[in-house]
J.: 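Please find one structure pasted underneath; my questions will follow.
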Amino acid sequence: MPEFDPDRAETVRRAFDAGVVAILCPADLTRAASLQVIAALAEEFPTVLAAAGVHAHQAKDLTADHLRELQGLAAGRTIRAVGEIGLDYHYDFSPKDAQLEALRRQLALAAEAGLPVILHSRLSGADIIEAVDGERFRGGGILHCFTEDWGTARAMLDRGFLVSFSGILTFPKAGALREVAAMVPLDRLLVETDSPYLAPVPYRGSGRRNEPAFVVETARVLAGLRGLSLEEMAAVTTRNFAGMFPFEKTGGQC
Ligand SMILES: [Zn+2]
């Protein structure tokens, strides 16, 4: 995102200094510079892993060229996951049909490439489950920035997915989401930033840019919900991530 143009590498270093060990960073193929910027970061930092896809918001702009590009990136293992892909019935920036079609095509592509997916779902849990089942997608992946209900979480856990919580988990009004987070099996939990959006408490407010170093605050809340220390939860989420995305450790702190 352009919000990080002035200090992208320093932002990554701040995250590692804060205890983050690895970062999965998704590019959107409909945004001109996105993939090149992320590929360069992945080159510079061995534990920054790239992903790519066409987001639900941009589904109406998905072309055959994008799919070919995605196929090439997957085949060359430039990317470690296909995503973000998914459905967003809150914003509805693309027509529902276009969203479903883009999701199905990219699920099929990920299955063919043997890659997991990063799924975005907003008010669309039932259709996400239906698409995954309709494509017989069994490659698993991440339910990113999870805000759906426990029923959706449980159905997707059954389908091999990890559930990733963002800064929303720290928001005062997110009691229902914290109840879901308390029920997800420990070996399926992840934390994320969704930066530059959704800065966790206490960084939230006045349009402040979120960044990966702040994910510690989300992990702290998640640890509290599970009766673990921050260090124990950090070990849990790092282990879960490494299980799906094996990476070379380079002196991380966990
Ligand atoms: Zn998303």
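As the structure lists them, so they are numbered: ligands from 1, and atoms in each ligand from 1. The analysis underlying the following values was restricted to heavy atoms, covering all of them including side chains, and did not include hydrogens, waters or symmetry mates. Numbering of residues begins at 1 and proceeds along the displayed sequence.
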J.: Under 30°, 30 to 60°, or over 60°: which ring-plane class applies to H144 and H120, parallel, tilted or perpendicular?
T.: tilted

J.: Aromatic rings F137 and F161: how do their planes relate, parallel, tilted or perpendicular, breaks at 30° and 60°?
T.: tilted

J.: Need the atom name: nearest N/O/S atom of H120 to the Zn ion (ligand 1).
T.: ND1

J.: Can you tell me, to 10 degrees, how wide the angle at the Zn ion (ligand 1) is between NE2 on H144 and OE1 on E84?
T.: 90°

J.: Tell me whether the Zn ion (ligand 1) has H55 as a neighbour, meaning an N, O or S atom of it below 2.8 Å.
T.: no

J.: Determine, for R159 against D133, whether the closest basic-nitrogen to carboxylate-oxygen distance falls under 4.0 angstrom.
T.: yes

J.: With respect to the Zn ion (ligand 1), please indicate if D88 possesses an N, O or S atom at a distance under 2.8 Å.
T.: no

J.: What I want to find out is whether D7 reaches R209 closely enough, with some N-O distance under 4.0 Å, to be called a salt bridge.
T.: yes

